[in-house]
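All remarks here apply to the structure that follows.
It should be emphasised that the depicted structure is a prediction, and the values quoted were computed from it without experimental measurement.
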Amino acid sequence: MLDDFMMRATLAGIGVAFAAAPLGCFVVWRRMAYFGDATAHAAILGVALSLALSISVFAGALVVALMMALTVNLLSGRGYAMDTLLGVLAHSALAFGLVAVSFLSGVRIDLMAYLFGDILAVSRVDLMVIWGGAALVVALIWWRWSALLTATLNEDLAYACGIDPKREQLVLTLALAVTVAVAIKVVGVLLIAALLIIPAAAARSLSRTPEGMAMVAACIGGAATIIGLRLAYVLDTPAGPSIVCVAALIFAALSVLAKLRGASA
């Protein structure tokens, strides 16, 4: 079954969707969309360094994405507005990564595959890495779910409950870095933030509880993967962007339905 490249692509996309769903909810609740974008852009520098050092692309992307996330945490609140800081770091990391790639001699690299993903080229090893990373992210979020929710709702309440909001921010940082590292092969660095945010945003109008929102977001991400891959196969379009386009259409449709339901109530 895993010899079928479409089956491997589908399983890879679903694995990324399951990892991105609960994390994407916190990204939406905390208004951290640009934070995810900055971490994803840094992964290109990780790709360049991993190819230069002949190590795993997953390991290189994970280390650099984690360093970027930790740097943002360290510098936030030190005289710079968060959106300004993220804008500088995100575009600088992407630019340095692209320049670093140009210095690699004797190494063939399909830059478009890392920018926009190459889900149809996912191997069995890639599949194991993706599902292993997804399982780690889901387990981490599930373990810290209550504390993360409390810290997201109100920092003062978190302190009163004996929860350190900075520690919970670090947990999200780690989970985000792992998600970026496993998703780079599937949708690429330029579309990772979209896969994090769009399913979670679409799930908002269908959910009454935070847990329900995370589960609905996972279903929307999985459905977007399956439908997007099918459309890419039929229409001969890029697979990663097709998945994101389907997710965006689902978000648009649910937003319209929510407004119509609100108008008729």
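What you find for P199 and A217 is that their closest heavy atoms are CB-O, 3.6 Å. Of all heavy-atom pairs between L120 and A9, the closest is CD2-CB, 4.0 Å. Between A214 and A21 the shortest heavy-atom distance is O-CB, 3.7 Å. G221 and A17 make their closest contact through C-CB, 3.5 Å (heavy atoms, listed as atom of the first residue, atom of the second, distance). Between I141 and A175 the shortest heavy-atom distance is CD1-CB, 4.2 Å. Here the closest non-hydrogen pair linking G15 and A134 is O-CB, 3.3 Å.
Side chains of I243 and I119 form a contact here, defined as non-hydrogen atoms less than 4.5 Å apart. Residues W131 and L11 meet the side-chain proximity criterion, which asks for heavy atoms closer than 4.5 Å. At a threshold of 4.5 Å between non-hydrogen side-chain atoms, the residues V122 and F5 do not count as touching. Counting heavy atoms from C-beta on, the side chains of W29 and R204 come closer than 4.5 Å. A 4.5 Å side-chain heavy-atom check between M213 and T209 finds every atom pair outside the cut-off. A 4.5 Å side-chain heavy-atom check between W145 and P210 finds at least one atom pair inside the cut-off. Contact of the C245 side chain with the S242 side chain is not registered, since no non-hydrogen atoms from C-beta on lie closer than 4.5 Å. Taking 4.5 Å as the limit, some side-chain heavy atom of I14 sits within range of a side-chain heavy atom of T10.
V171 is not connected to V138 by any chain of hydrophobic side-chain contacts under 4.5 Å among Ile, Leu, Val, Met, Phe, Trp and Tyr, and they are in different clusters. V16 and F18 fall within a single hydrophobic cluster, where Ile, Leu, Val, Met, Phe, Trp and Tyr side chains are chained together by heavy-atom contacts under 4.5 Å. Follow the hydrophobic side-chain contacts under 4.5 Å out from L257 and you never reach L249; the two are in separate clusters. Cluster membership for V63 and I130, using ILVMFWY side-chain heavy atoms within less than 4.5 angstrom, is not shared. The hydrophobic clustering, which links ILVMFWY residues whose side-chain heavy atoms are closer than 4.5 Å, places L136 and L127 together.
Note that CZ of R124 is 7.0 Å distant from CZ of R8, once rounded to the nearest 0.5 Å. Between the CD1 atom of I198 and the CD1 atom of I220 there is a distance of 11.0 Å, given to the nearest 0.5 Å. Within the model, atoms NZ of K259 and CG of L254 stand 13.0 Å from one another, a figure rounded to the nearest 0.5 Å. Within the model, atoms CG of L206 and CD1 of I250 stand 10.5 Å from one another, a figure rounded to the nearest 0.5 Å. Atoms CD1 and CD, from I163 and E155 in turn, are 11.5 Å apart once rounded to the nearest 0.5 Å. Distance check: L260 CG to S255 OG gives 11.0 Å after rounding to the nearest 0.5 Å.
Counting non-hydrogen atoms of neighbouring residues, nucleotides and ligands closer than 6.0 angstrom, the CZ atom of R167 exceeds 12 such neighbours. Other residues, nucleotides and ligands contribute more than 12 heavy atoms inside 6.0 Å of the OH atom of Y159.
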| task | Run the numbers on M67 and L62 for side-chain contact (heavy atoms from CB on, under 4.5 Å), then give the verdict. | result | CA-CA 9 Å; M67 288 176 60; L62 176 61; over 6 Å; no

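Considering L176, L172, L196 in turn, L172 is the only one that fulfils the side chain to side chain contact (heavy atoms under 4.5 Å, CB included) rule with F26.
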